[in-house]
Amino acid sequence: MIEAELSRSVVRWCEGATGVTGAAKLSGGASQETWRFDIEHPDGSIGAILRRSPKGYGAAPTRAAGLAAEAQLMQLAYEAGVPSPRVMHVLTPDENLGTGFIMQRVEGETIARKILRDDEYAAARPRLARQIGGVLAGLHRLPQDKLPELRSRSATREIGEFERDYRSLNWPKPVFELALRWLRDHDPGPSAETTLVHGDFRNGNLIIGADGVRAVLDWELAHLGDPMEDLGWVCVNSWRFGEIDKPVGGFGSREELFAGYEAAGRKCDPARVKFWEVMGTLRWGIMCGGMMQRFREGPDHSMERAMIGRRASETEIDLLRLLAPRGS
């Protein structure tokens with residue numbers, strides 16, 4: 001069914017296209033799907049990805065920027081030279097495919113454990129932390145007057161919202177209480193500069209090849225805020241996948257990340273990055289707690305939710321390491 005709908009779509013906007021083949025669903029969630037397919041063309045097939053919310057699905061989560069904004073951000077990044085897939089088409093209502101967009105497929109790997117261990121990426125790994133710093137610098141330079149409408153977030157507001165989320169779980173955790181107190185005591189206040197913030201820039205949301213970063217994915221949590229938030233989030237221990245002594249996604253050091261960021265012409269504030277790393281670690285712990293709550297109380301007692309839920313205990317250890325006087 002979806003191949004027929006995709007075929008009708010692509011022949012309208014891709015000059016010379018005759019249809020599509022090989023449509024396969026890659027992932028699915030509560031409101032969004034991702035499909036891989038090939039566009040048939042006389043000059044050779046074109047690899048493509050459909051990201052959509054099917055017709056009749058509910059609204060996106062309140063923190064989500066929305067698929068239309070995602071498409072605009074990705075195309076803006078692509079045109080500015082930030083590694084990003086090229087957006088080929090934004091869906092229209094008459095195509096009967098829902099809400100979303102089609103982008104050109106970028107080949108590479110997103111599975112973090114393969115990136116961190118397979119020989120294919122051995123030459124790229126030592127360069128990735130610094131390269132990621134440069135990518136984030138480019139992302140934070142995207143002109144605000146060309147951005148879609150996005151929510152604004154501040155450190156103070158985030159502390160308040162995460163505390164409410166935590167209290168709603170009714171799952172007391174002394175380490176989370178300690179982290180909330182630390183965050184309130186170390187709230188850096190408004191950032192001197194407000195930029196686009198990706199919101200989920202981490203190992204697992206990057207397409208990596210033997211040459212390094214090829215594309216940044218999953219822009220759904222993009223917002224306006226403190227650019228140091230992205231640098232802190234990429235350092236959260238949960239995204240190191242066992243390589244805990246290499247804070248930047250299991251690739252390298254914070255110093256390499258900062259050097260890449262500053263070599264691309266932007267200033268880094270390590271103290272603010274530390275604040276956002278603590279915030280990000282608590283954020284992920286609360287999200288894990290939410291998964292456990294849904295596993296316990298919801299109709300879908302999936303093993304995936306239980307497995308993610310139990311990882312809340314890992315974030316407690318991470319927070320203690322971060323908040324210790326000589327924590328790393």
Side-chain angles (χ1 to χ4, degrees), residues 29-32 59-65 112 151-188 197-205 218-226 228-241 244 247 249 272-324 327-328:
S31 62
Q32 293 185 4
T62 55
R63 281 179 169 264
R151 62 190 176 90
S152 295
R153 313 299 295 178
S154 67
T156 304
R157 183 173 178 181
E158 291 283 58
I159 294 169
E161 290 197 6
F162 287 134
E163 181 166 9
R164 285 193 293 274
D165 291 345
Y166 162 64
R167 304 279 178 218
S168 73
L169 298 177
N170 195 26
W171 192 14
K173 288 185 172 293
V175 177
F176 284 14
E177 300 282 353
L178 174 66
L180 283 166
R181 186 173 68 187
W182 186 94
L183 288 167
R184 286 192 294 267
D185 290 345
H186 293 80
D187 184 345
V197 177
H198 180 277
D200 200 11
F201 191 102
R202 60 177 176 84
N203 193 3
N205 282 342
D218 293 345
W219 295 69
E220 63 184 327
L221 296 180
H223 58 275
L224 300 176
D226 183 349
M228 297 301 102
E229 180 182 345
D230 277 335
L231 277 74
W233 182 245
V234 77
C235 292
V236 168
N237 188 39
S238 297
W239 319 135
R240 303 177 201 175
F241 297 91
I244 64 172
R272 294 186 82 98
V273 174
K274 168 71 176 291
F275 171 87
W276 285 108
E277 185 178 344
V278 175
M279 177 83 88
T281 304
L282 177 64
R283 166 187 164 189
W284 177 238
I286 294 170
M287 291 168 68
C288 291
M291 283 287 188
M292 182 59 75
Q293 184 183 57
R294 288 190 285 278
F295 170 77
R296 288 171 169 168
E297 300 178 0
D300 179 13
H301 300 290
S302 73
M303 185 60 68
E304 181 183 15
R305 284 182 175 171
M307 290 175 66
I308 295 175
R310 68 183 293 276
R311 294 189 65 187
S313 61
E314 298 174 7
T315 65
E316 292 182 89
I317 298 171
D318 296 338
L319 285 166
L320 287 173
R321 291 179 71 242
L322 280 166
L323 301 181
S328 61

Item to check | Gap between atom CD1 of Ile317 and atom CG of Leu322 - 0.5 Å precision | outcome: 12.5 Å
Item to check | ring pair (Phe, Tyr, Trp, His ring centres under 6.0 Å) against Trp182, all qualifying residues, sequence neighbours excluded | outcome: His186
Item to check | Chi angles and distances behind the side chain to side chain contact (heavy atoms under 4.5 Å, CB included) call for Leu319, Phe176 | outcome: CA-CA 8 Å; Leu319 285 166; Phe176 284 14; 3.9 Å; yes
Next on the checklist: For Trp233 and Asp200: C-alpha separation, side-chain torsions, deciding distance, then whether side chain to side chain contact (heavy atoms under 4.5 Å, CB included) applies.
Outcome noted: CA-CA 7 Å; Trp233 182 245; Asp200 200 11; 2.9 Å; yes
Checklist entry - Do the charged groups of Arg153 and Glu161 touch, with an N to O distance under 4.0 Å? => result yes
Checklist entry - Taking side chain as C-beta onward, heavy atoms only, is Arg184 less than 4.5 Å from Ile159? => result yes
Checklist outcome for this item: CG of Asn203 to SG of Cys235, rounded to nearest 0.5 Å, is 12.0 Å
Checklist entry - Taking the side chain as C-beta and beyond, is there a heavy-atom pair between Glu158 and Trp276 under 4.5 Å? => result yes
Checklist entry - With Thr315, which of Ile286, Val236, Thr281 fulfils side chain to side chain contact (heavy atoms under 4.5 Å, CB included)? => result Thr281
Checklist entry - Roughly how far apart are Asp187 CG and Arg157 CZ, rounded to 0.5 Å? => result 14.0 Å
Next on the checklist: For the OG atom of Ser238 and the CD1 atom of Ile308, what is their distance to the nearest 0.5 Å?
Outcome noted: 11.0 Å
Checklist outcome for this item: Scanning both residues in full, the closest heavy-atom pair of Pro188 with Ala155 reads CD-CB, 4.2 Å
Checklist outcome for this item: Heavy atoms of Gly199 and Asp230 approach each other most closely as N-OD1, 3.1 Å
Checklist entry - Hey, is Glu163 close enough to Arg181 for a salt bridge, meaning N to O under 4.0 Å? => result no
Item to check | Check: Asp165 and Met287 side chains under 4.5 Å, non-hydrogen atoms | outcome: no
Next on the checklist: With a sphere of 6.0 Å drawn around CZ of Arg310, does it hold more than 12 non-hydrogen atoms of other residues, nucleotides or ligands?
Outcome noted: no
Checklist entry - Tell me, do Phe275 and Met228 make a side-chain contact under 4.5 Å, heavy atoms counted? => result no
Item to check | Working for side chain to side chain contact (heavy atoms under 4.5 Å, CB included), residues Leu323 and Val175 | outcome: CA-CA 10 Å; Leu323 301 181; Val175 177; 5.8 Å; no
Next on the checklist: Under the rule for side chain to side chain contact (heavy atoms under 4.5 Å, CB included), what residues qualify as partners of Asn237, not counting sequence neighbours?
Outcome noted: Arg240, Ile244, Asp318
Item to check | Residue among His223, Met279, Glu277 satisfying side chain to side chain contact (heavy atoms under 4.5 Å, CB included) with Glu229 | outcome: His223
Checklist entry - Is there a donor-acceptor pair under 3.5 Å between the side chain of Tyr166 and the backbone N or O of Gly285? => result no
Item to check | Contact list for residues 283-292, test salt bridge (charged side-chain N to carboxylate O under 4.0 Å, His left out), sequence neighbours left out | outcome: none
Checklist entry - Of all heavy-atom pairs between Gly289 and Ala312, which one has the smallest distance, and what is that distance? => result N-CB, 4.3 Å
Next on the checklist: Any heavy-atom pair between the side chains of Asp226 and Arg272 that's under 4.5 Å?
Outcome noted: yes
